[in-house]
Visitor: 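A single structure is presented below for examination.
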Amino acid sequence: MEARVLWLLVVVLVLGSSSLAVAYQGLATNLCEVPPKDRVDCGYPEITSEQCVNRGCCFDSSIHGVPWCFKPLQDTECRF
């Protein structure tokens, strides 16, 4: 009985970890080429680039006075 439980645990862990192996790829670079004056805020004060990207947004802290975490351009390409 104990071997069955151990085997089941191993199977569950392997299946669970395989779904975590797929890394978040982020947005295509061209979707983040939003002119500074057109940026729509997508974050909050002191958001990190990782937190911003995890929200599906773009991050660029090189220009002061505009949102650093902002919504990407609309992706018009269909992907299957």
Side-chain angles (χ1 to χ4, degrees):
M1 176 77 173
E2 191 173 308
R4 281 183 169 173
V5 172
L6 184 58
W7 178 247
L8 180 60
L9 180 60
V10 168
V11 170
V12 169
L13 289 174
V14 168
L15 291 175
S17 66
S18 66
S19 66
L20 295 175
V22 177
Y24 179 72
Q25 295 179 356
L27 297 166
T29 305
N30 62 334
L31 294 179
C32 291
E33 293 175 357
V34 179
K37 65 179 181 59
D38 297 333
R39 291 181 180 180
V40 176
D41 201 356
C42 188
Y44 47 87
E46 299 181 28
I47 191 170
T48 66
S49 61
E50 183 180 0
Q51 292 167 329
C52 179
V53 171
N54 286 340
R55 294 174 71 135
C57 301
C58 301
F59 188 87
D60 177 8
S61 61
S62 66
I63 303 172
H64 296 284
V66 297
W68 290 358
C69 181
F70 53 94
K71 293 184 180 182
L73 296 171
Q74 293 296 318
D75 188 359
T76 57
E77 181 181 337
C78 245
R79 296 182 192 151
F80 294 97

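Predicted, not measured: the structure shown is a model, and the values here were computed from it.
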Visitor: Taking all non-hydrogen atoms of both residues into account, name the closest pair between I63 and P36 and its distance.
Guide: CD1-CG, 3.4 Å

Visitor: For the atom pair NZ (K71) and SG (C57), what is the distance rounded to the nearest 0.5 Å?
Guide: 7.5 Å

Visitor: Hey, could you give me the CZ/OG1 distance between F59 and T48, rounded to the nearest 0.5 Å?
Guide: 7.0 Å

Visitor: If you look only at pairs with a residue in residues 58-68, which of them pass as a side-chain hydrogen bond (donor to acceptor under 3.5 Å, both in side chains), with sequence neighbours excluded?
Guide: R39-D60, D60-S62

Visitor: Measure the distance from the SG of C42 to the SG of C52 and say whether it is below 2.5 Å.
Guide: no

Visitor: Do you know the tightest heavy-atom contact between Q51 and E46?
Guide: OE1-O, 4.3 Å

Visitor: Do you know which of D41, V34, V40, D38 makes side-chain contact (heavy atoms from CB on, under 4.5 Å) with F70?
Guide: V34

Visitor: Work out which heavy atom in I47 is nearest to a heavy atom in R55; give both atom names and the distance.
Guide: CD1-CD, 3.8 Å

